[in-house]
Amino acid sequence: MDSPFHQGEQSVQTRAGVRERAEQMGRRMIRAFLPEQHRQFFEQLPFVLVGSVDDEGAVWASVLSGRPGFVYTPDEHTLRVRAAVGAELGISAGRALGILGIELPTRRRNRVNGRVTSADAHGLTLAVDQSFGNCPQYITVRVPRAVPRELGTVRGVGARLPEELVAWIRASDTAFIASAASADPSGEANEGVDVSHRGGEPGFVEVSERDGTTVLTIPDYAGNNAFNTLGNLQRYPHVGLSFPSFERGDWLALSGRAELVWDADEVARYPHAKRLVRMTVEQGRVLPGGFPFAS
């Protein structure tokens with residue numbers, strides 16, 4: 001069996017001193033199909049997170065939502081999402097895509113990465129390359145309820161975020177991060193796009209400014225040692241980071257360049273962090289009503 005991890009993931013695992021352990025875990029847990037419990041899990045969700053790369057090579061973490069059952073699995077190798085897919089996300093047939101299912105009341109989460117076989121205004125179909133579960137660490141328990149929201153006009157933002165968005169990020173305890181193995185991750189099954197959860201106490205994402213550009217620093221805590229996100233960033237240093245508003249029902253999506261920070265003195269400034277991901281914002285979008293939930 002070939003390794004389920006590409007060279008970027010293996011490099012980070014080696015630097016973190018967990019390479020052998022990660023390989024053993026990955027060969028047990030990462031499957032090329034959806035287990036029955038994962039199929040049932042996705043089909044009961046009201047929203048999923050999607051990681052994608054657009055035509056310009058920017059990485060985005062987006063959300064798709066609907067009534068439970070809007071995600072379904074015709075078979076163990078296929079996942080279908082019935083929701084409008086914006087062309088700006090770069091989701092089209094042949095593209096790599098990462099999907100995260102997360103259930104906030106129970107803190108369960110499962111990931112599925114694969115290739116889009118079809119995509120249109122009504123939804124997308126994903127051929128499964130990798131399917132695996134994640135631990136519940138750092139997920140804030142919430143009981144989100146669906147709330148009808150009027151979808152407003154998408155507002156673009158630049159590299160320097162206005163104070164209202166800085167305040168939004170500093171008040172957040174939940175974020176979603178997307179990464180890719182390359183600008184065109186359409187090669188091997190283990191070299192696609194990934195989207196994952198990041199969480200902590202409000203303010204766990206630090207906001208600063210450098211040369212007139214907003215910089216976000218995200219602590220990387222101890223986890224499952226797979227380093228899917230950091231391994232991708234080692235290969236392709238571009239990242240998507242998104243924040244839901246559980247109060248207003250809005251969605252903030254940012255895209256930019258990423259840097260992995262290993263310096264012990266700098267990492268020590270962030271309690272419990274093992275490493276840091278530093279994002280230099282390049283562009284973003286605010287989607288009013290784009291997250292039709294409240295908790």
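Side chains are part of it too, since the values below use all heavy atoms of this structure and drop only hydrogens, waters and symmetry mates.
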Shortest non-hydrogen pair, F42 vs L34, comes out as CE1-CD2, 4.3 Å
Please assess R198 against D220 for the test salt bridge (Lys or Arg N to Asp or Glu O under 4.0 Å), listing each intermediate value before the final yes or no. CA-CA 8 Å; R198 290 292 186 270; D220 187 68; 3.7 Å; yes
Could you go step by step and tell me if F132 and V112 meet the side-chain contact (heavy atoms from CB on, under 4.5 Å) rule? CA-CA 7 Å; F132 52 102; V112 55; over 6 Å; no
Does the structure place the NZ or CZ of R285 under 6.0 Å from the centre of the six-membered ring of W251, at an angle of no more than 45° from the ring's axis? no
Least distance between heavy atoms, S179 atom then T229 atom: OG-CA, 3.6 Å
Y138 and R107: side-chain contact (heavy atoms from CB on, under 4.5 Å), yes or no, with the steps? CA-CA 9 Å; Y138 318 116; R107 300 165 68 215; over 6 Å; no
Quick check against the 3.5 Å criterion: does E206 have a side-chain atom that pairs as donor or acceptor with the backbone of L216? no
Say whether R278 and T217, considering side chains only, have a donor N or O and an acceptor N or O under 3.5 Å apart. yes
Group every Ile, Leu, Val, Met, Phe, Trp and Tyr by side-chain heavy-atom contacts under 4.5 Å, then state whether L260 and V18 land in the same group. yes
If only side-chain N and O atoms count, and only distance matters, is there a donor-acceptor pair under 3.5 Å linking Q40 with E36? yes
When you compare the side chain of L276 with that of E266, does any pair of heavy atoms fall below 4.5 Å? yes
Please check if L241 and V281 belong to a single hydrophobic cluster, counting links between Ile, Leu, Val, Met, Phe, Trp and Tyr side chain heavy atoms closer than 4.5 Å. yes
Can T78 and D75 be counted as having a side-chain donor-acceptor contact under 3.5 angstrom? yes
With a 3.5 Å cut-off and no angle check, do the side chains of E23 and Q10 form a donor-acceptor pair? no
Flag for H122-R82: side-chain donor and acceptor within less than 3.5 Å: no
Should the pair E76-R39 be classified as a salt bridge under the 4.0 Å nitrogen-to-oxygen rule? no
Tell me yes or no: between the side chains of T125 and S118, is some donor less than 3.5 Å from an acceptor? yes
E43 and T73: CA distance, side-chain angles, deciding distance, side-chain contact (heavy atoms from CB on, under 4.5 Å) verdict: CA-CA 8 Å; E43 292 181 3; T73 57; 2.9 Å; yes
Closest heavy-atom pair, P219 versus Y270, reported as atoms and distance to 0.1 Å, is CB-CB, 4.5 Å
Measure the spacing between OG1 of T117 and CG of L97 and express it to the nearest 0.5 Å. 11.0 Å
A side-chain contact here means heavy atoms from C-beta on lying under 4.5 Å apart; do I91 and V116 qualify? yes
Nearest-0.5 Å distance that lies between atom OG in S131 and atom CD1 in I30: 9.5 Å
Going by atom types alone, do E191 and S182 pair a side-chain donor with an acceptor below 3.5 Å? no
Side-chain contact, heavy-atom cut-off 4.5 Å: F176 with V63? no
I'd like to know if R95 and D55 make a salt bridge, using a cut-off of under 4.0 Å between side-chain N and carboxylate O. yes
Between E9 and N228, do the side chains contain a donor N or O and an acceptor N or O under 3.5 Å apart? yes
Would N232 and D194 count as having a side-chain donor-acceptor pair, cut-off 3.5 Å? no
Non-hydrogen side-chain atoms of I169 and L254 separated by less than 4.5 Å: yes
Working to the nearest 0.5 angstrom, can you tell me the gap between T174 OG1 and F243 CZ? 10.0 Å
List the steps, then state whether side-chain contact (heavy atoms from CB on, under 4.5 Å) holds for V239 with R257. CA-CA 6 Å; V239 64; R257 293 191 63 84; over 6 Å; no
Side chains of H197 and N134: donor-acceptor distance under 3.5 Å anywhere? no
Would you mind writing out the side-chain donor-acceptor pairs for residues 286-295 within the sub-3.5 Å range, not counting sequence neighbours?
unit_1	atom_1	unit_2	atom_2	d
S295	OG	R142	NH1	3.0

Considering residues, nucleotides and ligands other than Q7, do more than 12 of their heavy atoms fall under 6.0 Å from its CD? no
Tell me whether the count of non-hydrogen atoms from other residues, nucleotides or ligands lying under 6.0 Å of CZ in R248 goes above 12. yes
Of all heavy-atom pairs between L79 and I99, which one has the smallest distance, and what is that distance? CD2-CD1, 3.8 Å
Closest approach of A159 to T213 (non-hydrogen atoms, all atoms of both residues): O-CG2, 3.6 Å
dist S3:OG -> Q13:CD (nearest 0.5 Å) comes out at 7.0 Å
Can a donor-acceptor pair be found, under 3.5 Å and without considering hydrogens, that links the side chain of E259 to the backbone of V277? no
Quick check: do M25 and R21 have side-chain heavy atoms less than 4.5 Å from each other? no
Hphob cluster co-occupancy, V207 + I218, side-chain heavy atoms under 4.5 angstrom: yes
Please answer: with hydrophobic residues joined when any side-chain heavy atoms are less than 4.5 Å apart, are I177 and I139 in the same cluster? no
What's the separation between atom CD in Q137 and atom CG in N224, rounded to the nearest 0.5 Å? 9.0 Å
What residue pairs, at least two apart or across chains, pass side-chain hydrogen bond (donor to acceptor under 3.5 Å, both in side chains) with a residue in residues 163-172? R155-E164
Quick one: are W262 and V267 in side-chain contact, heavy atoms under 4.5 Å? no
Answer with yes or no whether the hydrophobic clustering places Y72 together with V128; edges join I, L, V, M, F, W, Y residues whose side-chain heavy atoms lie under 4.5 Å apart. no
Report yes if the side chains of L45 and E103 come closer than 4.5 Å at any heavy-atom pair, otherwise no. yes
Minimum side-chain heavy-atom gap P136-R108 below 4.5 Å: no
In Å, rounded to the nearest 0.5 Å, how long is the span from OG of S255 to CD of E282? 6.5 Å
What closest approach, in Å, do C135 and R109 show between heavy atoms, and which atom pair accounts for it? O-NE, 2.6 Å
